[in-house]
2 protein chains.
Amino acid sequence: MQSTQSAMGSGRQARVTIADVARHLGVTKSTVSRALNGYPDIAEGTRLRISRAAEALGYRPLSHAQAIRTGRTRSIGLVLQIDSEDSARPFLADFIAGVTQAASDATWTVTIAAEPTEEKVRSTVGRLIEERKADGFILPRTLCSDPRVELLRDQDVPFIMFGRTEDSRGCAWFDIQGEDAMSGAVARLAALGHTRIAHIPGGPQYFYSQLRIDGFQKGLSDAGLPFSPDLIGAPAMTRNSGARVAHDLLTQATPPTAIVCAVDRAALGVYEAASELGLTVGQDVSLMAYDGLPEGAYATPGLTTYAVDSFAAGSRLAEMLIQLIRGADPEELRELAPPTLVERGSDRPPSLTPAELAQRVIDHHSKQPVQWEDNQ
Amino acid sequence: MQSTQSAMGSGRQARVTIADVARHLGVTKSTVSRALNGYPDIAEGTRLRISRAAEALGYRPLSHAQAIRTGRTRSIGLVLQIDSEDSARPFLADFIAGVTQAASDATWTVTIAAEPTEEKVRSTVGRLIEERKADGFILPRTLCSDPRVELLRDQDVPFIMFGRTEDSRGCAWFDIQGEDAMSGAVARLAALGHTRIAHIPGGPQYFYSQLRIDGFQKGLSDAGLPFSPDLIGAPAMTRNSGARVAHDLLTQATPPTAIVCAVDRAALGVYEAASELGLTVGQDVSLMAYDGLPEGAYATPGLTTYAVDSFAAGSRLAEMLIQLIRGADPEELRELAPPTLVERGSDRPPSLTPAELAQRVIDHHSKQPVQWEDNQ
DNA sequence: GAAAGCTTCGAAACCGGTTTCGGCAAGAAA
DNA sequence: TTTCTTGCCGAAACCGGTTTCGAAGCTTTC
């Protein structure tokens with residue numbers, strides 16, 4: 001019956017096209033197309049007949065054939081920046097799984113790219129736009145002022161950010177409530193009896209770092225604890241810099257008995273610093289952080305942290321982006337999800353006062369001076 | 001001059017199409033197309049004129065417009081299986097970066113999907129084929145007999161495997177030389193003076209596990225060491241199962257003084273088992289493994305391991321797949337790359353004989369019996 | 001009963017490329 | 001000079017969809 005027409009080449013199975021469906025029912029392609037796309041000028045009976053036949057014949061429209069007319073590929077773009085020492089790496093698998101899962105559920109696909117530098121990321125995004133490889137983009141790890149945002153805004157391409165930025169006029173975003181986590185951590189530590197609590201913030205280029213500092217300060221004032229600038233250390237995003245900053249904090253004249261880190265990775269360095277100073281985390285100094293890295297479970301004692309559900313974040317971002325592309329108002333597409341507290345052993349009541357702690361450090365220091373390596 | 005034609009909708013910048021280029025030069029679309037695609041019936045001068053003009057005008061063909069006629073999207077498919085406890089996770093970011101980098105360099109793109117179960121992976125691959133979203137696929141983590149392979153072979157869709165399988169007739173693949181790594185590890189440990197060396201293999205569903213067992217045995221015979229079945233423990237792919245298997249091996253009547261693990265993750269468990277038995281890795285028992293996980297560097301002492309360059313693997317796989325899609329013979333597209341030895345502290349000369357080691361374990365065991373938890 | 005309106009669908013153009021076919025001109029062979 | 005190639009390119013069909021336009025057929029209205 002359908003015969004010759006679609007006898008595509010070498011072995012690959014002949015696809016059933018819209019023309020096949022039309023011929024099978026004795027209608028025209030245009031009728032089939034409109035029926036399947038919900039145009040109002042098709043009789044309900046006809047629509048039913050057509051959609052049933054399409055289903056039965058196994059017809060699947062070719063998204064790139066549609067795209068040539070509609071300009072839409074049903075594909076979401078995800079351009080990652082992966083530098084040699086990427087802090088986002090552990091989340092990535094879950095995040096990608098979430099994004100693709102949600103896309104898949106909507107019969108969309110995800111076009112992914114990874115570039116090492118900000119500049120290359122920009123140009124790749126540009127290329128994907130030019131080639132219309134994606135109908136919209138998810139931007140992970142947004143910076144305070146993000147060049148990708150300008151590019152996409154200029155080109156009028158839909159996008160959604162994972163994380164807020166300073167200026168999010170007309171932008172859709174999804175974020176995790178990092179500020180509440182930080183104030184929650186302070187509240188928890190204060191309830192345990194700590195009175196001098198320090199913070200190690202993340203890199204200033206990330207907007208969330210400021211939010212978490214704000215949350216930290218709010219936590220202090222909520223608990224009625226005094227704030228002083230020396231409670232906030234230098235930014236640290238890696239294990240080693242975390243160790244260095246923790247070392248500085250703990251060798252102050254009045255050291256904190258508890259430290260709240262903006263990111264888990266820095267917290268892993270705090271273990272090192274404590275150990276070098278003859279202190280034990282969870283005993284002499286309490287520690288809380290944020291991210292939920294699996295490595296935190298392997299530390300001794302386990303790191304108490306606020307965990308982010310990256311899978312859920314990715315899948316929600318994909319859903320929201322699809323809505324945006326379908327015409328939703330970006331200002332309506334904004335969501336804030338809470339992280340979940342993972343209680344392990346690194347936060348306990350203080351066993352020493354700050355003064356006693358300082359003495360312990362001095363005693364230990366007199367025995368063995370410390371050297372920090374600069375690699376890793 | 002070009003005016004009205006391509007005044008595409010709302011704000012988004014007007015693309016320059018092949019018709020624009022043709023009009024600009026006073027030739028037809030077909031000439032431009034053939035010139036740009038290297039057809040032999042275009043004069044060299046014309047070809048030059050056209051490609052220069054295309055460059056100058058910023059013309060980029062729309063891959064999905066090309067696809068409608070050619071059937072090719074210039075996109076490679078990557079369908080990952082990500083279950084809740086995925087051992088491949090740490091590699092993933094680098095791997096993806098490698099794949100997309102190589103694709104990007106060839107102005108191809110990567111369409112990615114992630115599914116939790118084997119069945120869903122299969123159906124997603126099927127969908128991507130039906131919708132012609134990818135011209136070929138990279139299959140990571142190949143199983144001994146892999147259902148994806150049958151599917152793709154049936155449909156006559158090009159694909160390349162990361163890892164060999166039992167039956168790789170007509171298949172292209174890229175793999176890392178795990179068997180040589182294992183025999184190299186044995187040779188190294190034998191040279192250090194170990195005479196009783198055990199192996200903890202990976203999951204039997206993975207073909208590489210058998211290869212690595214073979215390599216291990218070859219290492220023993222090369223070193224002139226006797227083999228006995230009790231030198232090979234139960235399979236272990238996780239930290240906890242690694243600990244359990246190591247415990248079994250080390251509590252044998254004649255325990256090994258060195259253990260070679262098929263995967264790093266299991267080796268991390270060996271540290272735990274050793275510590276529970278009152279032994280120190282690198283001192284009482286030597287340890288080598290394979291993968292190159294970053295966590296290995298944080299263990300004490302650092303884990304000596306054969307590291308896989310996932311970025312390079314991904315990028316090579318993408319390059320090879322593109323060649324395959326362009327018509328290369330799959331039997332020619334097979335490559336084996338060596339891992340690189342990362343020397344840290346876990347392999348040292350034996351300090352005890354197996355008999356002395358057994359006695360140490362017995363002495364320690366009489367003091368405190370061991371319980372293994374089953375979570376994590 | 002004719003005009004007007006509505007519903008429903010066919011015909012054909014269109015999207016941006018690729019590919020087939022054929023024709024023209026120049027050069028080679030007869 | 002005529003004929004046959006050969007090189008080069010234009011014309012038009014084609015890929016698989018979407019969308020515009022218009023025209024039937026049926027109702028409704030006056």
Side-chain angles (χ1 to χ4, degrees), chain A residues 2 4-9 12 14-50 54 57-74 130-133, chain B residues 2 4-9 12 14-51 53-54 57-74 107 130-133 135:
Chain A
Q2 57 198 73
T4 44
Q5 179 80 324
S6 47
M8 192 150 168
R12 203 177 285 199
R15 264 183 38 89
V16 13
T17 71
I18 195 172
D20 294 327
V21 178
R23 210 172 317 124
H24 184 260
L25 290 169
V27 298
T28 59
K29 297 193 303 175
S30 67
T31 305
V32 175
S33 173
R34 279 173 300 180
L36 260 27
N37 291 321
Y39 277 59
D41 62 348
I42 297 293
E44 201 46 47
T46 314
R47 184 194 312 288
L48 227 65
R49 230 166 30 104
I50 290 178
L57 293 171
Y59 168 65
R60 298 270 200 128
L62 232 44
S63 70
H64 54 258
Q66 304 179 296
I68 188 182
R69 191 75 221 261
T70 62
R72 296 266 199 71
T73 320
R74 294 211 319 276
E130 271 189 348
E131 300 187 357
R132 301 280 192 276
K133 285 284 196 173
Chain B
Q2 56 197 75
T4 45
Q5 180 78 326
S6 46
M8 189 147 170
R12 202 177 285 200
R15 266 182 37 87
V16 13
T17 71
I18 196 171
D20 295 328
V21 178
R23 209 172 316 124
H24 185 260
L25 290 168
V27 297
T28 60
K29 296 194 303 177
S30 65
T31 304
V32 175
S33 174
R34 279 172 300 180
L36 260 26
N37 290 320
Y39 277 57
D41 62 347
I42 297 293
E44 201 46 46
T46 313
R47 184 191 314 286
L48 227 66
R49 232 168 27 106
I50 290 178
S51 61
L57 294 172
Y59 167 64
R60 295 272 200 130
L62 232 43
S63 69
H64 54 258
Q66 303 180 296
I68 188 183
R69 189 75 222 261
T70 62
R72 298 267 200 70
T73 321
R74 293 211 319 275
T107 67
E130 270 187 350
E131 300 187 355
R132 300 280 191 278
K133 285 284 196 171
D135 301 335

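We name chains A, B, ... by the order of the sequence lines, and we start the count at 1 in each one. Model, not experiment: these values are computed from the prediction.
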Checklist entry - Separation of His64(B) atom NE2 from dT18(C) atom C1', in whole Å? => result 15 Å
Item to check | Arg34(B) and Asn37(B): CA distance, side-chain angles, deciding distance, side chain to side chain contact (heavy atoms under 4.5 Å, CB included) verdict | outcome: CA-CA 5 Å; Arg34(B) 279 172 300 180; Asn37(B) 290 320; over 6 Å; no
Item to check | Any Tyr39(B) side-chain nitrogen or oxygen under 4.0 Å from OP1 or OP2 of dC8(D) | outcome: no
Checklist entry - Side chains of Ile50(B) and Thr31(B): closer than 4.5 Å at any heavy-atom pair? => result yes
Checklist outcome for this item: Between CZ of Arg72(B) and P of dG16(D) the distance, given in whole Å, is 16 Å
Item to check | Nearest to side-chain heavy atoms of Ala65(A), which nucleotide of dC9(D), dG17(D), dC9(C) | outcome: dG17(D)
Checklist entry - Can you tell me if Thr73(B) uses its side chain to pair, donor with acceptor, with the backbone of Arg132(B) under 3.5 Å? => result yes
Checklist entry - About how many Å separate CZ of Arg72(B) and CD of Gln66(B), when rounded to the nearest 0.5 Å? => result 11.0 Å
Next on the checklist: Quick check on dC9(C): is either OP1 or OP2 less than 4.0 Å from any side-chain nitrogen or oxygen of Thr46(A)?
Outcome noted: yes
Checklist entry - Is there a donor and acceptor pair, one atom on the side chain of Asp41(A) and one on the base of dC9(C), closer than 3.5 Å? => result yes
Checklist outcome for this item: By nearest-nucleotide position on DNA chain C, the 5'-leaning member of Val27(A) and Ile68(B) is Val27(A)
Checklist outcome for this item: note: Gln66(B), atom CD; dG17(D), atom P; distance rounded to Å ~ 18 Å
Checklist entry - Would one find a side-chain N or O of Thr31(B) under 4.0 angstrom from OP1 or OP2 of dG10(D)? => result yes
Checklist entry - Yes or no on side chain to side chain contact (heavy atoms under 4.5 Å, CB included) for His24(B) and Val16(B), after CA distance, side-chain angles and deciding distance? => result CA-CA 11 Å; His24(B) 185 260; Val16(B) 13; over 6 Å; no
Checklist entry - dT19(C), dA13(C), dG10(C): which one has an atom nearest the side-chain heavy atoms of Thr70(B)? => result dT19(C)
Checklist entry - How far apart are the closest heavy atoms of Tyr59(A) and Leu36(A), and which atoms are they? => result CE2-CD2, 3.7 Å
Next on the checklist: What is the distance, to the nearest angstrom, from the CG atom on Leu48(A) to the P atom on dT8(C)?
Outcome noted: 14 Å
Next on the checklist: So if I take every side-chain heavy atom of Lys29(B) and compare against dG17(C), dG17(D), dT20(D), which nucleotide ends up nearest?
Outcome noted: dG17(C)
Next on the checklist: I need the CG-C1' distance between Leu36(B) and dC9(D), as an integer number of Å.
Outcome noted: 15 Å
Checklist entry - Between Arg69(B) and Ala43(B), which has a closest nucleotide on DNA chain D that is more 5'? => result Ala43(B)
Next on the checklist: So, under a plain 3.5 Å distance rule, would you say the side chain of Arg34(B) forms a donor-acceptor pair with the base of dG17(C)?
Outcome noted: no
Checklist entry - Can you find a donor-acceptor N/O pair under 3.5 angstrom joining the side chain of Arg132(A) to the base of dG16(C)? => result no
Checklist entry - To the nearest angstrom, how far is Arg60(A) atom CZ from dG17(D) atom C1'? => result 16 Å
Checklist outcome for this item: Whole-Å distance, Glu131(B) CD to dG16(D) P, equals 15 Å
Next on the checklist: Quick check on dG17(C): is either OP1 or OP2 less than 4.0 Å from any side-chain nitrogen or oxygen of Arg15(B)?
Outcome noted: yes
Checklist entry - Which of the following nucleotides, dT8(C), dT19(D), dC8(D), is nearest to the side chain of Ser33(A)? => result dT19(D)
Next on the checklist: Can you tell me which nucleotide in dG16(D), dT20(D), dG17(C) comes closest to the side chain of Pro61(B)?
Outcome noted: dG17(C)
Checklist outcome for this item: Atom CG of Leu62(B) and atom C1' of dC15(D) are separated, to the nearest Å, by 14 Å
